Chemist: 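Encoded as structure tokens, here's the structure I'll be asking about.
All values reported here derive from a predicted model rather than from experimental measurement. Any value given below was found using the heavy atoms of this structure, including those in side chains, with hydrogens, waters and symmetry copies removed.
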Amino acid sequence: MLPEESLRRRGRLWPFTLLLIPFLTAVCPALYNQVEPTLFGVPFFYWFQMFWIIVTATIVGLVAMLTD
């Protein structure tokens with residue numbers, strides 16, 4: 001493999017590293033396994049996960065646009 005080809009391939013793969021952010025957040029529940037603070041009466045554990053659904057969808061959309 002030529003060095004230029006390796007650089008081009010690496011340049012196309014860096015957006016996929018953004019997908020590690022929601023993955024690492026999801027696999028570490030010790031970070032958000034708590035009741036306080038509540039948001040509109042919803043414990044932190046639940047609203048944090050709902051928030052990450054939106055963040056993850058945004059990141060996946062961004063990665064799709066950058067790699068297309």
Chemist: Quick one: CD1 on Ile59 to CD1 on Ile21, what's the gap to the nearest 0.5 Å?
Modeler: 4.5 Å

Chemist: Minimum heavy-atom separation for Asn33 to Phe45, with atom names?
Modeler: CA-CD1, 3.9 Å

Chemist: Does a side-chain heavy-atom distance below 4.5 Å link Pro37 with Phe48?
Modeler: no

Chemist: Are Leu31 and Met50 linked, directly or through other ILVMFWY residues, by side chains that come within less than 4.5 angstrom of each other?
Modeler: yes

Chemist: So which atom in Thr38 and which in Pro43 form the shortest heavy-atom distance, rounded to 0.1 Å?
Modeler: CG2-CA, 4.1 Å

Chemist: Nearest heavy-atom pair of Thr25 and Tyr32: which atoms, and what distance?
Modeler: O-CE2, 3.2 Å

Chemist: Is there a chain of hydrophobic side chains (I, L, V, M, F, W, Y, each step under 4.5 Å between heavy atoms) that links Val55 to Leu24?
Modeler: no

Chemist: I'd like to check Val60 versus Leu19 (side-chain heavy atoms, cut-off strictly below 4.5 Å). Are they in contact?
Modeler: yes

Chemist: Please name the pair of heavy atoms, one in Thr56 and one in Trp52, separated by the smallest distance, quoted to 0.1 Å.
Modeler: OG1-O, 2.7 Å

Chemist: Between Leu66 and Trp14, does the side chain to side chain contact (heavy atoms under 4.5 Å, CB included) criterion hold? Intermediate values first, please.
Modeler: CA-CA 10 Å; Leu66 290 173; Trp14 75 265; 4.0 Å; yes

Chemist: What about Phe16 and Met65, same hydrophobic cluster or not, with Ile/Leu/Val/Met/Phe/Trp/Tyr joined at side-chain heavy-atom distances under 4.5 Å?
Modeler: yes

Chemist: Leu13, Leu62: one ILVMFWY side-chain cluster at the under-4.5 Å cut-off?
Modeler: yes

Chemist: Which heavy-atom pair separates Val42 from Trp47 by the least distance, and what is that distance?
Modeler: O-CD1, 3.1 Å

Chemist: OG1 of Thr58 to CD1 of Ile53: how many Å apart, nearest 0.5 Å?
Modeler: 11.5 Å

